[in-house]
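The figures that follow rest on heavy atoms only: side chains count, while hydrogens, waters and symmetry mates do not. Owing to the predicted nature of the structure, the values given are computational and were not obtained by experimental measurement. Naming: A, B, ... by sequence-line order, numbering from 1 per chain.
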There are 2 protein chains.
Amino acid sequence: MPTIHDVARLAGVSITTVSKVLNGYPDVGAKTRANILRITQEVGYQPSAMARGLAMNRSWLIGVFFQDAVNSGLEHPFFEAVLNGCKNAVGRHGYDLLFFSNLVFAPGDAKNDYLPRARQRQVDGVLLMGAHRQDKELRRLAEADLPCMFVDIDMTGPRAGFVQSNNHEGAKRAIQHLLDLGHRRIAVIGDRYGSKPGEDRLAGGREALAEVGLELPDEYVRFGDFSQESGSGAMASLLTDVPRDKWPTAVFALSDLMAFGVMDAALEAGLSVPGDLSVVGFDDINIASRLRPRLTTVRQDMHRIGEQAGEALIQMIENDSLRPPVLSVDTEFVERESTAPAALQ
Amino acid sequence: MPTIHDVARLAGVSITTVSKVLNGYPDVGAKTRANILRITQEVGYQPSAMARGLAMNRSWLIGVFFQDAVNSGLEHPFFEAVLNGCKNAVGRHGYDLLFFSNLVFAPGDAKNDYLPRARQRQVDGVLLMGAHRQDKELRRLAEADLPCMFVDIDMTGPRAGFVQSNNHEGAKRAIQHLLDLGHRRIAVIGDRYGSKPGEDRLAGGREALAEVGLELPDEYVRFGDFSQESGSGAMASLLTDVPRDKWPTAVFALSDLMAFGVMDAALEAGLSVPGDLSVVGFDDINIASRLRPRLTTVRQDMHRIGEQAGEALIQMIENDSLRPPVLSVDTEFVERESTAPAALQ
DNA sequence: TTGTACGCGTTATCAT
DNA sequence: ATGATAACGCGTACAA
């Protein structure tokens, strides 16, 4: 590989002049500049990112931490969409993405040394998603003097912000839809692990109910882990614990997968959807519009989330004094076939 | 961030000694070594990957090129699975993944400067997928003296190999299944763009037919681009062009998505699946086991493909003289509900 | 307008 | 067993 020295030698100038031309400095003669440019092309010279980074103390790299999801044949291209969005955003500014490998997925005692690894690679910013909120190492990362954006984790720091869907509004809209259809006995399948999105969606649902003077009884709140199995388990336990004449007429599951599980359990119990039970999900994964009945749900724009995170990182990198943003991406309510007017009692 | 100089100063030794300890050289006194190790821990010293790479001319980075798929709300977590597999494999050897951004997706005149970008970042190896076979720049990359593995692209070079599913056998098995069910008029929805997997699957299907003395008539071969829409289009045109009494009783689509399209078109034409028409797909995307009728298909192990690619790269990197492998990952035939015995004529 | 020389943080060679 | 010192390839004050 040719170095800047080779180009300089071939052009009969010093490396300084070559460097200046390549970095757009004005104080170089037109002829010299043209000549250097030509030679650069000819020999296919590419400045070494490592040497460049070493000298400038920058890498033009965004570090990405993410875990293989628990249910690792995962249905929704969640990470992929976020990643592509981020990739596009940072790519426009000349940054590439660095994926850290080898992460351990363990809620409590995780020894995921995010910060040291980020420092070792000298990434200019960090995007983190899919980690557990309780992971202690997250704080060290958030407190560091390194631009950082979390996805679906409400953590901030001097240079750390986060982005997530407007879960509160999205959930509120979903419940309002059920209320509009005349439902009054509405159950919610929440998130057992207490993630921020889970909290917000539950709160949004509660708010919608409160606005019409309704409450969410404890026996109508069950918890899962976003998987289909947990959804059917939660629904099954609900149907067991609650007397038949008090069964809910509608269920809001905090993820599409759990919504599918709810439908499974409902069918198992002899309930038809949406005839006897209306079901609303959250995410709008691809399969949601294909299964019968097609699922009414709240769509998340994951690509947008990634783009926002990427853009925010670049801003923070290029502007030291910028305070880290807390971003919210709007959701879209999608009415399909899994919800119907409440049957007369 | 502390540097090796800081550690040396604190330990009262030279940087050479520190470097030796950190890199496991034996010629350092036990006491000195322990002291240096302690201080390293205390100050949280991490060797800079950039400086290290500059000095050693290695980056411990695997460069990854991939395109956002054409239908970019893509259903199957294809890339994600491959990526995770590769990430796990290379992570075990201390490598991370570098994602190149900003790629243009244009079959013919693509100006995707893979090689220059790989060189600029000094990646030790390259994983490439999702590109068009015709992309001229691919050759430059394959010819370079840089370990490289292609996924689903049959390109080799002095240090370049590739990995893909055993598409030939997978397709053969699918057709054999249809033959076993008594089908004789079997149509195939192939790949319009002539990808390697497309070619192999078509050839595998033909071979299965040939083994029982059957041929694949031209009017029974239609082409799509792996998308659902193209699948239904291909099937619709087939049903239009071929007289009703010669309609196929079974269709093998080279992707699950196209298989769904085929079912759509069949339903449109008043055909029931699998009553009037048996359908087999390829991939086994998640949705395949959920839609009704559940799709009979050929499962690809994408995670494995990624792992194999990653492992191969590491081997090539650590052994200059290793000739690049051409790997094949077995598929698994999954019989479900979209196929049934051929009706008596 | 051009060039000299130093620093970035390592590893590696060769003395001591 | 330990330490100078020269690379690695680049950017940039500063001098010319």
Side-chain angles (χ1 to χ4, degrees), chain A residues 1-37 39-40 43-61 94 116-124 318, chain B residues 1-40 43-61 94 96 116-124 318:
Chain A
M1 280 288 81
T3 74
I4 197 171
H5 288 97
D6 299 323
V7 177
R9 190 167 36 72
L10 262 43
V13 298
S14 78
I15 61 163
T16 306
T17 308
V18 177
S19 179
K20 281 180 176 172
V21 168
L22 265 38
N23 293 305
Y25 282 66
D27 57 344
V28 176
K31 255 190 103 89
T32 318
R33 153 169 280 120
N35 192 37
I36 290 177
L37 249 27
I39 295 183
T40 298
V43 301
Y45 167 73
Q46 292 285 121
S48 152
M50 300 201 125
R52 202 159 205 264
L54 189 57
M56 302 181 68
N57 195 29
R58 294 196 39 188
S59 61
W60 288 274
L61 240 31
R117 297 195 68 186
R119 290 228 190 282
Q120 185 167 7
R121 288 289 190 185
Q122 307 232 180
V123 296
D124 298 334
E318 303 193 336
Chain B
M1 278 287 84
T3 76
I4 197 171
H5 287 97
D6 299 323
V7 177
R9 189 167 36 74
L10 261 41
V13 298
S14 76
I15 59 165
T16 306
T17 307
V18 176
S19 179
K20 281 179 176 172
V21 169
L22 265 36
N23 293 304
Y25 283 68
D27 56 344
V28 175
K31 257 192 98 90
T32 319
R33 153 169 281 121
N35 192 35
I36 290 177
L37 249 27
R38 186 178 52 76
I39 294 185
T40 297
V43 301
Y45 167 73
Q46 292 285 120
S48 152
M50 298 198 130
R52 200 159 207 261
L54 188 58
M56 303 180 68
N57 196 28
R58 292 191 46 183
S59 63
W60 287 275
L61 242 29
D96 289 317
R117 298 195 67 186
R119 289 228 190 282
Q120 185 166 8
R121 288 289 190 185
Q122 308 232 179
V123 295
D124 297 334
E318 304 193 337

Excluding sequence neighbours, so at least two apart, what forms side chain to side chain donor-acceptor pair (under 3.5 Å) with R33(A)?
none

Please report the end-to-end axis angle for the helix from dT1(C)-dA16(D) to dT16(C)-dA1(D), five pairs per end, rounded to 10 degrees.
40°

Could you tell me whether the phosphate oxygens of dG3(D), OP1 or OP2, come under 4.0 Å of any side-chain nitrogen or oxygen in T17(B)?
yes

Not counting sequence neighbours, which residues clear side chain to side chain donor-acceptor pair (under 3.5 Å) with R52(A)? List them please.
N23(A)

Salt bridge (charged side-chain N to carboxylate O under 4.0 Å, His left out) pairs, two or more places apart, involving residues 14-25 of chain B:
K20(B)-D27(B)

With the side chain counted from C-beta on, respond yes when Q122(B) and L61(B) share a heavy-atom pair under 4.5 Å apart, and no when they do not.
no

Can you name the closest pair of heavy atoms from N35(A) and A11(A) and give their distance?
ND2-O, 3.9 Å

List the residues meeting side chain to side chain contact (heavy atoms under 4.5 Å, CB included) with D6(A), not counting sequence neighbours, and say none if there are none.
P2(A), T3(A), R9(A)

Partner set under side chain to side chain contact (heavy atoms under 4.5 Å, CB included) for A55(A), not counting sequence neighbours:
none

Looking at residues at least two apart in the chain, or sitting in another chain, which of them share a side chain to side chain donor-acceptor pair (under 3.5 Å) with T32(B)?
none

Outer limits of DNA chain C sitting under 4.0 Å from a non-hydrogen atom of chain A, read 5' to 3', are dT1(C) to dG9(C)

For L54(B), all residues meeting side chain to side chain contact (heavy atoms under 4.5 Å, CB included), sequence neighbours excluded
A51(A), L54(A)

Results of side chain to side chain contact (heavy atoms under 4.5 Å, CB included) for T40(B) - residues two or more places apart only:
V7(B), L22(B), I36(B), Y45(B)

Letter per nucleotide, 5' to 3', of nucleotides 8-16 of chain D [B base touched, S only sugar-phosphate touched, - untouched; heavy atoms, 4.0 Å]:
BBBBBB---

